[in-house]
Number of protein chains: 2
Amino acid sequence: MKSDHPEADCPMIVLLDRIADKWAVLVMAMLRHDAMRFNELRRCVGGISQKMLAQTLRGLERDGLVTRTVFATSPVTVEYAITTLGMTLVSTMDELRIWSEKNINAVSAARRRFDAARQNIAPVRMRG
Amino acid sequence: MKSDHPEADCPMIVLLDRIADKWAVLVMAMLRHDAMRFNELRRCVGGISQKMLAQTLRGLERDGLVTRTVFATSPVTVEYAITTLGMTLVSTMDELRIWSEKNINAVSAARRRFDAARQNIAPVRMRG
DNA sequence: CAGGATCCTTTAAGATACTG
DNA sequence: CAGTATCTTAAAGGATCCTG
């Protein structure tokens, strides 16, 4: 059953859900300065499967954020590039990626503190 | 089996995955200017389940982005607020939400164009 | 090269019920 | 009020094979 909250499928939240996506962020970041081909992206975005890359690119294309251009070379070449609409979003998305890079240590430290603190609260059933 | 790509669980990508999350974005946006209580957040963030809210808040707390403060009133009151670290991220996260609000129409239009274009390509098997 | 189709496992997430 | 625990269903995602 769907939720009875009408906001649940609010279009804005659906869209936010699509752009607040790690693969979308990484792909857009790669395309930020240059158009790229499929397997080129696959190599540069570490750890993405071909399925997820295809799916992510299809979604970005559908949303009007990237273009897909086929060149009739042999074998065929396909180039992805950011649209004008995409340009209005890419810097914000990339800031998210950059923040992650810069603050991974601070966050890791916070996690260790949190997990350590939980240990002290945890079920203290020793020889209970 | 886990992927054999070492980048697959790159800590930066794991972190990006956690902050590029629609509920995290919406919760952080709510806390941007004021601390808020659990059920207050639940009401203001439309369509979030209590489970997802609890889970999102726990994650943000663990990552050092929000604090959780318990007041021994009756019944108990719990207040969530953004940390100093969280403040360095909240504006970027919120830009994502604001972009979604502003560009939902442009994206919807792009989707209609994309879907319409696909119709013309689709299997044209009429009276095959 | 650039994917689509399929299978199959893992994870996410909603509903529901209960607690201090 | 502010959650936790459990169950179950829906969805995500990887691996693999195949094609123009």
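A:Met28 is listed as a side-chain neighbour of A:Val66, based on a closest heavy-atom distance under 4.5 Å. With a 4.5 Å cut-off on side-chain heavy atoms, A:Glu79 and A:Arg68 do not count as touching. The shortest distance between side-chain heavy atoms of B:Leu53 and B:Ser49 does not fall below 4.5 Å. Contact annotation: the side chain of B:Leu16 approaches that of A:Leu26 to within less than 4.5 Å [non-hydrogen atoms, C-beta and beyond]. Side-chain atoms of B:Leu85 and A:Asn103, non-hydrogen and from C-beta on, do get closer than 4.5 Å to each other. No side-chain heavy atom of B:Met36 sits under 4.5 Å from any side-chain heavy atom of B:Tyr80.
Whole-Å rounding puts the A:Leu53 CG to D:dA15 P distance at 15 Å. Whole-Å rounding puts the A:Glu79 CD to C:dC1 P distance at 15 Å. Rounded to an integer number of Å, the gap from OH of A:Tyr80 to P of C:dC1 is 14 Å. Look at CG on B:Asp21: it is 14 Å from C1' on D:dA12, rounded to the nearest Å. In this structure, A:Arg42 atom CZ and C:dG4 atom C1' are separated by 14 Å, rounded to whole Å. In this structure, CG of A:Asn39 is placed 5 Å from P of C:dC1, rounded to the nearest angstrom. The CD1-P distance, from A:Ile48 to D:dA12, rounds to 15 Å in whole Å. For A:Lys51 and D:dA15, the NZ to P distance is 11 Å, given to the nearest whole Å.
Residues from residues 57-74 of chain B placing a heavy atom under 4.0 Å of any atom in DNA chain D, listed by number, are B:Arg58, B:Arg68.
For the OP1/OP2 pair of D:dA2 and a distance below 4.0 Å, the side-chain nitrogens and oxygens of B:Arg37 include at least one atom meeting the criterion. Phosphate proximity of D:dG13 to A:Ser49: absent, as no side-chain N or O sits under 4.0 Å from OP1 or OP2.
Comparing the end axes of the helix from C:dC1-D:dG20 to C:dG20-D:dC1, each fitted to five base pairs by superposing C1' atoms of four pairs onto the next four, gives an inter-axis angle of 50° (nearest 10 degrees).
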Next item on the list: Go through the steps for A:Trp99 and B:Thr92 under the test side-chain hydrogen bond (donor to acceptor under 3.5 Å, both in side chains), then give the verdict.
Entry: CA-CA 9 Å; A:Trp99 190 94; B:Thr92 299; over 6 Å; no
Next item on the list: Assess whether salt bridge (Lys or Arg N to Asp or Glu O under 4.0 Å) is satisfied between B:Asp115 and B:Arg118, documenting all intermediate values.
Entry: CA-CA 5 Å; B:Asp115 295 345; B:Arg118 284 206 56 108; over 6 Å; no
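Checked against C:dG3, D:dG13, C:dA2, the side chain of A:Gln50 finds its nearest nucleotide in C:dG3. Taking every side-chain heavy atom of B:Val76 into account, C:dG20 is the closest of C:dG20, C:dA2, D:dG13.
Here A:Asp21 does not pair with B:Lys22 in a salt bridge; the nearest charged N to carboxylate O distance is not below 4.0 Å.
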